[in-house]
Amino acid sequence: MEVFKSIAKTSSSFFVVCILLLFANAASEKTHYHDFVIQATPVKRLCNTRNTITVNGQFPGPTLEVNNGDTLVVNVVNRAQYNVTIHWHGVRQIRTGWADGPEFITQCPIRPGKSYTYRFTMQGQEGTLWWHAHSSWLRATVYGALIIHPKAGESYPFPTPKRETPVLLGEWWNANPIDVVRQATRTGAAPNVSDAYTINGQPGDLYKCSSQDITIIHVDSGETNLLRVVNAGLNQQLFFTVANHKLTVVGADANYVKPFTTSVLMLGPGQTTDVLIKADQPAARYYMAARAYSSAQGAPFDNTTTTAILEYQTSCSSNCAKTNPVFPSLPAYNDTATATAFTTKFRSPRKAQVPTEIDENLFVTVGLGLENCPSGASSSSCQGPNGTRFAASMNNVSFVLPSNFSLLQAHHQGIHGVFSTDFPANPPVKFDYTGNVSRSLWQPIRGTKLYKLTYGARVQVVLQGTGIFTAENHPIHLHGYDFYIIAEGFGNFNPKSDTAKFNLVDPPLRNTASVPVNGWTVIRFVADNPGVWLMHCHLDVHITWGLAMAFLVENGVSELESLEAPPEDFPVC
């Protein structure tokens, strides 16, 4: 009898401890309130001042810092002349798809003079994400860092850094980016490339009128700091390095990784990489630098280099501050070997929960195309190669955004005629994807086609690059999910031989995957988040041309497996 009393007492104590821990966690989780005012602000770069769309008059926009488990409430007021939405890049948005942000996918845009409040909770994510406009090309200047620290009382799985610094890589046009994309859409030609790259909004010493405001990041000798690097550029993968310093990669896309050391990073637009840097060099000034990784043969690109300065602060004499910074060695613009060596080093820090059985197996081609000039159109609207218009597609479907309803709204309210659910699971025609592709396969069809997934489905997607017009590296981003990158390679994916390369033990968990030039990437995820989720190339020129599709994930059985109701202030079209 005493034994039973002892067990009952122990069970009761355990229950009390669990309740106390639950309340302690709830007490540590906070709600953060922010106001974002979208407005035109005079910004001077490269000797020119132009009205630039910003958040709260800041370029880049404000850095948001939260802890894992916290909730963000951001009231966005649009005082600009353009429609706008804000996307919280990489946030899982479990059941809160209404807050994801892509225009006409999960919401109608916030019209000039209107507002919308985004509400969502960080669930199980730690590291660096970012936020940006997801309407036309506004994200060229409307972006900022979103930093998720561990829960209160918890620590990083690496030594705590002395300082933490966001490093946002961007692109700058002397022209209005909206005018740039509108001209390209009007003519059917490729848009003009950017005039500069930036680090935390500043181009750096190698551009005219830019030395005085160069970004300077201070360190002290011997300390280890954390750099949170984000490629917020519109249309270009970027190499990034720091002169004479090694970088230890510890995280990517708000997921920890097995640490590895490198001298150079390669980030596609949308990707983030957390690195530790030790100030172990002689006290001096060292350039941080970023420039293009351009894999598309013959395609124009911005070949300039942006710089910032890593400056040893307390141990650097006054003479040191006057010396020219040490300049780093950067890879060649087309150095695919270095880009591949970097992307293939990523591993999860422990055994990963990769789906080993698959319910939905998709094979999706990603690449460019050319549309024949429409009948009756003027030659001025068909200034692509040989009198065509540039296009892009997935499985030969060039994605068309709706204009009267968002896809999520149409799905939730059962509105017919806005989309179809017949996105093909395989290319309509099999061909030598990375070879000399027949011209008859260059023209995609246009449509708003979704692929339906049952809640809980285990999904594998082979992303196959094509050589149509030109092959290049494509950063593919999936909204609402992280996914495991289980393999990548060059040439055409071969299901008989390439499955042997699958890493089902410790593949990295990402939200944006770099599909190699003339190659393929395989990803897996479990469809555990109901809603409509865009998958697209994060080169904005490509999504403008239609390189996108969307998954429609159905509700599960319980309320916790179902999409929440839309908020009362949800924008209407």
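Values reported hereafter were calculated over all heavy atoms of this structure, with side chains retained and with hydrogens, waters and symmetry mates removed.
Note on Asp220 versus Arg163: salt bridge recorded, some NZ/NE/NH1/NH2 to OD/OE distance being below 4.0 Å.
For an aromatic pair to be called close, the ring centres must be under 6.0 Å apart, and Tyr116 with Tyr118 satisfies this. A distance of 6.0 Å or more separates the ring centres of Phe525 and Tyr484. Checked against the 6.0 Å centroid threshold, Phe327 and Tyr286 do not count as a close aromatic pair. Two rings, from His479 and Trp533, have their centers 6.0 Å or more apart.
Using bins of under 30°, 30° to 60° and over 60° for the plane-to-plane angle, the ring pair Tyr256/Tyr156 lands in the perpendicular bin. Classification of the His538-His134 ring pair by plane angle, with boundaries at 30° and 60°, yields perpendicular. Below 30°, between 30° and 60°, or above 60°: for Trp131 and Trp88 the angle between ring planes is between 30° and 60°, a tilted geometry. Between Phe59 and Tyr143, the ring-plane angle classifies as perpendicular under the 30° and 60° cut-offs. Ring orientation note: the planes of Phe346 and Phe342 are nearly perpendicular, at an angle over 60° on the 30°/60° scale.
Inspection of the Glu126 and Asn68 side chains reveals an N or O donor paired with an N or O acceptor under 3.5 Å. With 3.5 Å as the limit, one finds no donor-acceptor pair spanning the side chains of Tyr333 and Ser295.
For the pair Arg510 and Phe483, the cation-pi criterion (under 6.0 Å, within 45° of the ring axis) is not fulfilled. Relative to the ring axis of Trp172, Arg50 places its NZ or CZ within 45° and under 6.0 Å from the centre.
For Asn176 (side chain) and Ile178 (main-chain N/O), a donor-acceptor pair under 3.5 Å exists by modelled atom type. Between the side chain of Asp506 and the backbone N or O of Arg350 there is no donor-acceptor pair closer than 3.5 Å. Not one N or O on the side chain of Asp274 forms a donor-acceptor pair closer than 3.5 Å with the backbone of Ala252. Distance alone, capped at 3.5 Å, is enough to place a donor-acceptor pair between the Asn235 side chain and the Val541 backbone. In this structure, the side chain of Gln464 engages the main chain of Phe493 through a donor-acceptor pair within 3.5 Å. When atom types are taken as modelled, the side chain of Arg79 and the backbone of Gln39 share no donor-acceptor pair closer than 3.5 angstrom. Checked by atom type and distance alone, the side chain of Arg139 pairs as donor or acceptor with a backbone atom of Leu234 at under 3.5 Å.
Put simply, CG on Asp205 and CG on Asn324 are 8.5 Å apart, with the number rounded to the nearest 0.5 Å.
Residue His536 is tested with His542, His477, His474, His87 for a ring-ring contact (aromatic ring centres under 6.0 Å, His included); the sole match is His477.
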